[in-house]
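Beneath this line is the structure, given in structure tokens, with notes to follow.
Side chains are part of it too, since the values below use all heavy atoms of this structure and drop only hydrogens, waters and symmetry mates. Chain identifiers are assigned alphabetically (A, B, ...) following the order of the sequence lines, protein sequences preceding nucleic acid strands; residue numbering begins at 1 within each chain.
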Amino acid sequence: MGGHFFLPKPSNLSFYNALLQECLESSDLQTGKMLHTNILKSGFLSQIFLTNRLIQLYFKREDSHDARKLFDEMPQRDSFTWNIMIAGYVRSKDIIGARKIFDGYVWRNDISWNTIIRGYVQEGKGSIALNLFNQMIIQGLKPTHFAVSSVLRACAGLSWLKTGKLLHGLIYRFGLEGNVVVCTSLIDMYCKCRELTNACHVFNRMPERNIVSWNAILTGYSQNSLGEDCFRMFIEMLEFGLKPDHITFAVLLSSTAALANLVQGKQLHGFIVKSQFGSDVYVETALIDVYAKCGSVDNARQVFNSMTKQNTVSWSSMVIAYAQNGYGKEAISLFEELLNSGFKPDAITFVGVLMACSHSGLVDEGCRYFDIMQRVHGIEPDKTHYTSLVDLFGRAGYLKEAVELINSMPVKPDAAIWGALLGACRVHRDPELGQLAASKVFELEPQNASAHMLLCHIYSECGNWDDAAKLRAKMKNLGIKKDPGYSWIEVDNVVHRFVADDDSHPWIDEINIALKKLIEQIEHIGYVFYPSSPFNHKIEEGRESYHSEKLAIAFGLISTPTEKTIRIMKNLRVCGDCHNTIKFISQLSGREIIVRDVCRFHHFRSGKCSCGDYW
DNA sequence: TTAGGGTTAG
């Protein structure tokens, strides 16, 4: 309707109403305003429902000022007027404005309560929402699925399991136990509180399930690091005859990224391109992340370039994709582009930039970004930013500065912050400070296996076998188990998994022979076996035992064409000796080797690695 | 003849 200035003279209310409805649907404020004038002239403004529609239209165009003006000038209002005002302010993210209307409305009904409660949940003020819910019940209103789903979401956001369970008990009193919306919210609440058993219980007992409920349970598996189960459930969903939607794909991709499964990622990508969800910004952003986590930064960039609609999250994903893969300069230059693009960087974007600076050893730039984050962009640094900053200083060898930062930061340092310092102590061989950092981690997380292992490595790398052995014994006493290290490699669309001392791979003999020969060859160009711990590399009765990443790389070398990049994923950190070995292998073979371990990416080319972690 | 709802990406 936009652009058509000729309007027939409306002669009755329903005609005005129909026209206004059309304006609302197309967000056509211009025509709406003309109608407004006409309505005024014809004296129809006394018809409350027409003014209500106009108020809605103003809110839709984010003009709460004119909406308010109209509201103030109304000689008479009805319940719709008040509730439209509350909802309008909630939509404009003005919860205070919404609350003022709500408080001023004496005849609040069920919808007024639901709207304001929802508003607080959306603003992240779940406890206020729960308080209002309580008041609503005290006033004798029986909550419907609208209010109950909102407060369940509040519990999910706050991880308030106890309150969530209380609400679960209450839904029987309200007769909502069979309601699909309430059950879906319950599933989501349990999943976000890491109570998957309860979530499944609710899911299995639902009288009816739709795509939203399935998506909720898939999300639960995905966000609780149960990627395999997520896909198992997805297959089950298909067998039930449900059609996946864009949310399903976003969730599946997120699982795929966590599993670093490039084969699966590509399969999903192909499927998505052919589906109608190929230009959904959530799906595309998840796809960028899949490729980034699989070390395929070029594919990530292709997806990013092909996007028709972008937002801060998609830009941040690409910045992080570069940063994680060791392309610090590219990450920073994309970030600078973002600043000129009209999108606003947020807290996570800055984590990506700081990560990039840390990777490239750009300490001054990192400090500058940290500064402008607060001063220019008004973002208060949280623990993740301080962790990045400690990592930035620590990796660059400024251990003293890192400690000073920890002692002066306004947030209470957590295990991740001390862990970053501990990692830096390993790289720069500072056993005293390492011991201090580790003790802080142990105070906060006594069962933290990776901190124990890091300290153990620090001891052994300094030749302090005694303390290393003592720490091992302590771990055994405390029942702290290091996960078995395994590595994956994909060859011809099949994922091969290797574990040290595991002979089950059909090519294991060829792999061992190739590896032995390879090590002999790299010894000629300067490689020296340097055990990062006496437990690292065993030679028993003439049979060698190699770390899983070495097995995976040897398999990659003998089973793929010489020009092909070898990509390995590892569930733990790559040890110093393996890191060194891979450097030499990349030099000897001329192969590009990408290893993604649990902490970061290592990109080996011609005897060098991008990570800068090891000596 | 107008108002309120559950699941998604970094």
Q: State whether Ser254(A) places a side-chain N or O below 4.0 Å from either non-bridging phosphate oxygen (OP1 or OP2) of dG10(B).
A: yes
Q: Round to a whole Å and report the spacing from CE of Met307(A) to P of dG10(B).
A: 13 Å
Q: Run through Arg301(A), Lys266(A), His269(A) and flag the one making a side chain to side chain donor-acceptor pair (under 3.5 Å) with Tyr291(A).
A: His269(A)
Q.
Any base atoms under 4.0 Å from Ile320(A), or only sugar-phosphate, or nothing? Heavy atoms, all strands.
A. sugar-phosphate
(Q) For Gln139(A), is the CD atom crowded, meaning more than 12 foreign heavy atoms sit under 6.0 Å from it? (A) yes
Q | Positive for ring pair (Phe, Tyr, Trp, His ring centres under 6.0 Å) with His377(A), one of Phe370(A), Phe335(A), Phe350(A) | A | Phe350(A)
Q: Indicate, with a heavy-atom threshold strictly under 4.0 Å, whether Thr349(A) touches base, sugar-phosphate, or nothing.
A: base
Q. Under 3.5 Å, is there an N or O donor on one side and an acceptor on the other linking the side chain of Ser317(A) and the base of dG10(B)?
A. no
Q: Decide if atom CD of Glu336(A) counts as having more than 12 heavy atoms of other residues, nucleotides or ligands within a radius under 6.0 Å.
A: yes
Q. Between dA9(B) atom P and Phe304(A) atom CZ, what is the distance in whole Å?
A. 19 Å
**Q.** nucleotides 2-7 of chain B: protein proximity per nucleotide (B base, S sugar-phosphate only, - neither; heavy atom, under 4.0 Å)
**A.** BBBBBB
Q) About how many Å separate SG of Cys183(A) and CG of Asn204(A), when rounded to the nearest 0.5 Å? A) 11.5 Å
Q.
Measure CD1/Ile187(A) against P/dT8(B) and give the value in whole Å, please.
A. 12 Å
Q. With sugar-phosphate meaning primed atoms plus P, OP1 and OP2, does Val90(A) contact a base, only sugar-phosphate, or nothing at under 4.0 Å between heavy atoms?
A. nothing
Q: Please work out which of the three classes, parallel, tilted or perpendicular, describes the rings of Trp214(A) and Phe203(A), given edges at 30° and 60°.
A: perpendicular
Q. If you look at every strand shown and take non-hydrogen atoms under 4.0 Å, does Val313(A) touch a base, only sugar-phosphate, or nothing?
A. base
(Q) Taking any heavy-atom pair under 4.0 Å as a contact, classify Gln310(A): base, sugar-phosphate, or nothing. (A) nothing
